[in-house]
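Note on naming: letters A, B, ... go to the chains in the order of the sequence lines (proteins, then strands), and numbering restarts at 1 for each one.
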Number of protein chains: 2
Amino acid sequence: MNILEKITQNKASFSKSERKVADVILANPQTAIHSSIATLAKMSDVSEPTVNRFCRRLDTKGFPDFKLHLAQSLANGTPYVNRHVDENDGPEDYTNKIFESTMASLEVARQSVDVQVVNRVVDLLTQAQKISFFGLGASASVAHDALNKFFRFNVPVVYFEDILMQRMSCMNCSTGDVVVLISHTGRTKSLVEIAQIARMNDATVVGITSADSPLSHECTYVLSLEVPEDTDMYMPMASRIAQLTLIDVLATGFTLRRGNKFRENLKRVKDTLRGSRYEKRNE
Amino acid sequence: MNILEKITQNKASFSKSERKVADVILANPQTAIHSSIATLAKMSDVSEPTVNRFCRRLDTKGFPDFKLHLAQSLANGTPYVNRHVDENDGPEDYTNKIFESTMASLEVARQSVDVQVVNRVVDLLTQAQKISFFGLGASASVAHDALNKFFRFNVPVVYFEDILMQRMSCMNCSTGDVVVLISHTGRTKSLVEIAQIARMNDATVVGITSADSPLSHECTYVLSLEVPEDTDMYMPMASRIAQLTLIDVLATGFTLRRGNKFRENLKRVKDTLRGSRYEKRNE
DNA sequence: AGAAAAATGTAATTTTTTGACATTTTTTAT
DNA sequence: ATAAAAAATGTCAAAAAATTACATTTTTCT
């Protein structure tokens, strides 16, 4: 496992001094791999053997071995880690941290996706009479994005931001209709109600939400994404990105299922936009 | 560059003893990174300083530094790459490919972001009288998302999907207003026009778009993202995700600039939502 | 062949890491 | 609240590792 993640995870189990070391390393891992144990000890305001003990606690043979592991974690291609933004971060720091955390979350999300369910949902979508995408707050823009994607497929697709419109739309559902509900927490009351209404009217309800949430219990199929959210920011960030990527997956599955002639159709849709754009000079 | 490749490439220019070292390392790099210079010298049947000189010839600071580079080369398990979806891909294949491509694109985007500009734009946003986010098509949902984020900051923020509303809104701009325009290609005519209108009315225009596009030339600041888009799908996918992440970066920069009391405010906004949600049992 | 240059090795030096043990801090039980 | 035990941390010395300076060997070129 990635040693940076391991440090973050085990941070709680560290002693006070070890945590000082952990903080210094996490704050600037690049510097850490190029420092000697003495330098790192001084930076952490800790004695050298403490740094050594810290390394051993992470199941490495010693400091040099630890640096090797750290270097591997930092090498590109290795999964990214959720590093939290710090008050004193400059633009470079927080930019990189946000990008890296997003990538790390996507990796976690990827591993938590149940491809069986993806497959069944794609099946469902390709056979749907009508597809609705609903979300509220931060998930509204995800639903909005799904509309944009599925609209190109020439399928009857519906999206509303307004709760009442969402409810009315679900009241008019019937067999063969698919309602996709998007919510990170799965605890938004009105969305849970909408799930109930849709099911009462024989629609199939797909939830893109967290497992074992009130919303998930009302859904026919649940596509759950276990994405760690940085709660310090009080804003949903990574969860939306994961949801969007899942929408991309569904859209891709949809086009694959429909086959080649359908791809042609997509190309035509795209070409239609040409009139609204400035031509690219050399293509 | 990958140091293993470098060894292979420069092998010709090595001396006899250095080549012995190279061979031993190439034959078993995993062993090499866990050996001391003495062990490696013995394995190569060469003296210790020779190994050291070998390391320096590869532009490393010395043996330990060389091991670090080697470790990084070896870490490259599977760098995320943009693997294109194939007609015969099953659900597991395309799910993984989409997630991986998205991560790969984010990495590319991260490297292409100009943090200087990020910093200036954050400055601008924190001082803005009014912030507008406009995008069309796939980028509309990105603007939508930006609205959701910045709305929490208690800043006057505007978002319209309708071109005419966007134009009217820009007509009413004045000094101190910031208009953020989002477009992957930067070739959408009406967005370019909106940029012109906004600037004529003394607003500062920030473009989240590709460098050197018609739109970028009309912007005061350009946050360019070089994201490779899988054109086979005829749908924007990775570009949106990169744009969203950039919005996250801006939002994060914004909150950091505003300081701690402001974070408290965000928490209050979030807490307000509580009434609309089912409580979590154990927290 | 023989001088000059390059390569390599030897041995000492320096740097770095680790281990043993003392001291301090924290926890636990009374 | 206090003493004993346990855990954590630091000091200092020993060991290991890496590097330097310099001697020796090998190669190259005239």
Asker: Expected output is a numbered-order residue list: members of residues 32-43 of chain A with a heavy atom under 4.0 Å from any atom of DNA chain D. What is it?
Answerer: none
Asker: Is it true that, when you exclude B:Glu92 itself, more than 12 heavy atoms of the residues, nucleotides or ligands shown sit nearer than 6.0 Å to its CD?
Answerer: no
Asker: Write down the distance between CG (A:Leu68) and P (C:dT17), rounded to a whole number of angstrom.
Answerer: 12 Å
Asker: Please table the atom pairs, donor to acceptor, closer than 3.5 Å between any side-chain atom in residues 41-51 of chain A and protein atoms at least two apart or in another chain.
Answerer:
{"from": "A:Ser44", "atom 1": "OG", "to": "A:Leu40", "atom 2": "O", "distance (Å)": "2.7"}
{"from": "A:Ser47", "atom 1": "OG", "to": "A:Thr50", "atom 2": "OG1", "distance (Å)": "3.0"}

Asker: After noting the C-alpha distance and the side-chain angles of A:Glu100 and A:Lys97, does the key distance pass the salt bridge (Lys or Arg N to Asp or Glu O under 4.0 Å) rule?
Answerer: CA-CA 5 Å; A:Glu100 281 169 25; A:Lys97 281 184 182 176; over 6 Å; no
Asker: State whether a side-chain donor-acceptor pair under 3.5 Å links B:Thr60 with B:Asp65.
Answerer: no
Asker: If you compare every side-chain N and O of A:Asn52 against the phosphate oxygens of C:dT17 (OP1, OP2), does one of them come in below 4.0 Å?
Answerer: no
Asker: When B:Leu244 is tested against each of B:Ile208, B:Val249, B:Val142 for side chain to side chain contact (heavy atoms under 4.5 Å, CB included), which residue passes?
Answerer: B:Val142
Asker: Apply side chain to side chain contact (heavy atoms under 4.5 Å, CB included) to A:Leu250 and A:Leu223, showing your working.
Answerer: CA-CA 11 Å; A:Leu250 294 178; A:Leu223 280 164; 4.1 Å; yes
Asker: Between B:Arg56 and B:Arg53, does a side chain to side chain contact (heavy atoms under 4.5 Å, CB included) hold up when you go through it step by step?
Answerer: CA-CA 5 Å; B:Arg56 299 233 168 107; B:Arg53 284 187 281 257; 5.6 Å; no
Asker: Rounded to the nearest Å, what distance is computed from the CZ atom of residue A:Arg19 to the P atom of nucleotide C:dT26?
Answerer: 12 Å
Asker: Applying ring-ring contact (aromatic ring centres under 6.0 Å, His included), which residue pairs with at least one partner in residues 10-49 of chain A are found, sequence neighbours left out?
Answerer: A:Phe14-A:Phe54
Asker: Kindly calculate the angle separating the two end axes of the helix from C:dA1-D:dT30 to C:dT30-D:dA1, each obtained from five base pairs, and round it to 10 degrees.
Answerer: 30°
Asker: For A:Thr39, what residues pass the side chain to side chain donor-acceptor pair (under 3.5 Å) criterion, not counting sequence neighbours?
Answerer: A:Ser36
Asker: Round to the nearest Å and state the distance from A:Phe66 atom CZ to C:dT18 atom P.
Answerer: 12 Å
Asker: Using the ring of each side chain (for Trp, its six-membered ring), is B:Phe150 parallel, tilted or perpendicular to B:Phe133, with breaks at 30° and 60°?
Answerer: tilted
Asker: Can you build the contact string for nucleotides 4-11 of chain D? Use B for base contact, S for sugar-phosphate-only contact, and - for no protein heavy atom under 4.0 Å.
Answerer: ----SBBB
